[in-house]
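Side chains are part of it too, since the values below use all heavy atoms of this structure and drop only hydrogens, waters and symmetry mates. Atoms within a ligand are numbered from 1 in the order they appear, just like the ligands themselves.
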Amino acid sequence: MRILVTGGAGFIGSNLVFSLLNAGHDVGIIDDLSTGSMANLHPAAWFRSLDITGPGLDAAIADFAPEVVIHLAAQSSVTASQQDPDRDRLVNVEGTRAVARAAAVAGARRVLSASSAAVYGTPVTLPLGEADAKAPENPYGHSKLAAEKAIAEELRAAGVDFASLRFANVYGPRQDWRGEGGVVAIFCGRMTSGQTPVIYGDGSQTRDFIYVGDLVFALMEAAETDATLALPGDDGPAYNISTGTETSVAMLIQHLRSPAGYFGAVENAPAREGDVARSALDPTKAGEVFGWHSRVSLEAGLARTVAWFAQNR
Ligand SMILES: NC(=O)c1ccc[n+]([C@@H]2O[C@H](COP(=O)([O-])OP(=O)(O)OC[C@H]3O[C@@H](n4cnc5c(N)ncnc54)[C@H](O)[C@@H]3O)[C@@H](O)[C@H]2O)c1
């Protein structure tokens, strides 16, 4: 299959591209390298360096002529969304709309777009189902929710199948740990280099941690399924990609100690404003519609992640 990955030079995108190529697909990448890197690019993939909000997008997508577009390119930082909400909206909402429109014109039959647990805000019940209330608490959550609507507006009428996949907290090899990266990457980076990990708050806050290899399977299975993902009457349509399980940040440290070989101190800093206390997303719908379920246990995923950080950080 010809599959175009926007954001294919980033953390999730580069893991996805490697797996798609291994599975025998023809893979194209569009990425402006704003947070992604050349080192993440697979030489066997077709590549165009361009901004999804700028000129040249339509021609590039038409040129590659994908059957499926997996749209991961985004302004992916909550902090950056708070500092520059206009830029966040431009990339995440208008960029998603532009990708969807160009994909339809180029004849793609399906578009999958990365959404986030941030669309829900503070959970009322756990684990959260796709139909539960959406109350985003930062510009990033708002832009991801608006992007879900934009893609539906563009593609429902065009007859292109589509879905927004709401990722829980993704972790694994190639995640950035020096900037605002995910908590697992930051802990792995620090603990494998003998630096003290810092917990914001008392560590009782929970997240639903999904291994990037599991997420890659979800994207591949959603790309390949014969099922229709944009179900009639489905508002979105969205699918949680998650484990459904809560893990506290303190427990994460305990799980990482042995694989990272770090048995030193842990520093506690004041809780960060706006951090939700608990989070978990129910992945049942993805299982029912396209047969995906997570396979990698937290212990196994953390061990693989630590091994990568120990060699590559
Ligand atoms: N990492 C997570 O835990 C997580 C959780 C939920 C959702 N997501 C979403 O998954 C997707 C991938 O996230 P990631 O963690 O790999 O982030 P990332 O920052 O590593 O990857 C994003 C990629 O998009 C590219 N990009 C950014 N703006 C662009 C633009 N205007 N034009 C072209 N390319 C552009 C970047 O260069 C980068 O390669 C994003 O949509 C993100 O919002 C990630």
Exercise for the section: Any salt bridge (charged side-chain N to carboxylate O under 4.0 Å, His left out) involving residues 117-139? Give me the pairs, sequence neighbours left out, ordered by first then second residue. Expected result: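 Every pair satisfying salt bridge (charged side-chain N to carboxylate O under 4.0 Å, His left out) with a residue in residues 117-139: there are none.
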
Problem - Any pair counted as salt bridge (charged side-chain N to carboxylate O under 4.0 Å, His left out), so long as it reaches residues 110-124, sequence neighbours left out - result: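 Checked against salt bridge (charged side-chain N to carboxylate O under 4.0 Å, His left out) - neighbours excluded - the pairs reaching residues 110-124 are Arg110-Asp161.
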
N/O to N/O under 3.5 Å, ligand 1 against protein:
| residue | atom | partner | partner atom | Å |
| --- | --- | --- | --- | --- |
| ligand 1 | 3 (O) | Val170 | N | 3.0 |
| ligand 1 | 16 (O) | Phe11 | N | 3.4 |
| ligand 1 | 16 (O) | Ile12 | N | 2.9 |
| ligand 1 | 17 (O) | Ser76 | OG | 3.4 |
| ligand 1 | 19 (O) | Thr35 | OG1 | 2.8 |
| ligand 1 | 19 (O) | Ser76 | OG | 2.9 |
| ligand 1 | 20 (O) | Phe11 | N | 2.9 |
| ligand 1 | 26 (N) | Asp32 | OD1 | 3.3 |
| ligand 1 | 31 (N) | Asp51 | OD1 | 2.8 |
| ligand 1 | 32 (N) | Ile52 | N | 2.9 |
| ligand 1 | 34 (N) | Asp32 | N | 3.1 |
| ligand 1 | 34 (N) | Asp32 | OD1 | 3.2 |
| ligand 1 | 37 (O) | Asp31 | OD1 | 2.6 |
| ligand 1 | 37 (O) | Asp32 | OD1 | 3.4 |
| ligand 1 | 37 (O) | Ser34 | N | 3.0 |
| ligand 1 | 37 (O) | Ser34 | OG | 3.4 |
| ligand 1 | 37 (O) | Thr35 | N | 3.1 |
| ligand 1 | 37 (O) | Gly36 | N | 2.9 |
| ligand 1 | 39 (O) | Gly10 | N | 3.0 |
| ligand 1 | 39 (O) | Asp31 | OD1 | 3.3 |
| ligand 1 | 39 (O) | Asp31 | OD2 | 2.5 |
| ligand 1 | 39 (O) | Gly36 | N | 3.3 |
| ligand 1 | 41 (O) | Leu72 | O | 2.9 |
| ligand 1 | 41 (O) | Lys144 | NZ | 2.8 |
| ligand 1 | 43 (O) | Tyr140 | OH | 2.6 |
| ligand 1 | 43 (O) | Lys144 | NZ | 3.1 |

Exercise for the section: Check for a donor-acceptor pair, side chain of Glu148 on one end and backbone N or O of Ser164 on the other, with a separation under 3.5 Å. Expected result: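 Side chain of Glu148 to backbone of Ser164: no pair is present.
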
Practice task
Please find out if less than 6.0 Å separates the ring center of Tyr262 from that of Phe187.
Solution key: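 Not under 6.0 Å, so no.
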
Practice task
For the residue pair Trp46 and Phe64, categorise the inter-ring angle as parallel (less than 30°), tilted (30 to 60°) or perpendicular (more than 60°).
Solution key: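 Ring orientation of Trp46 relative to Phe64: tilted.
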
Problem - Residues which pass side-chain contact (heavy atoms from CB on, under 4.5 Å) with Ser143, listed by chain and number, not counting sequence neighbours - result: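 Counting only residues at least two positions away or on another chain, Ser143 forms a side-chain contact (heavy atoms from CB on, under 4.5 Å) with Asp88, Asn92, Val93.
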
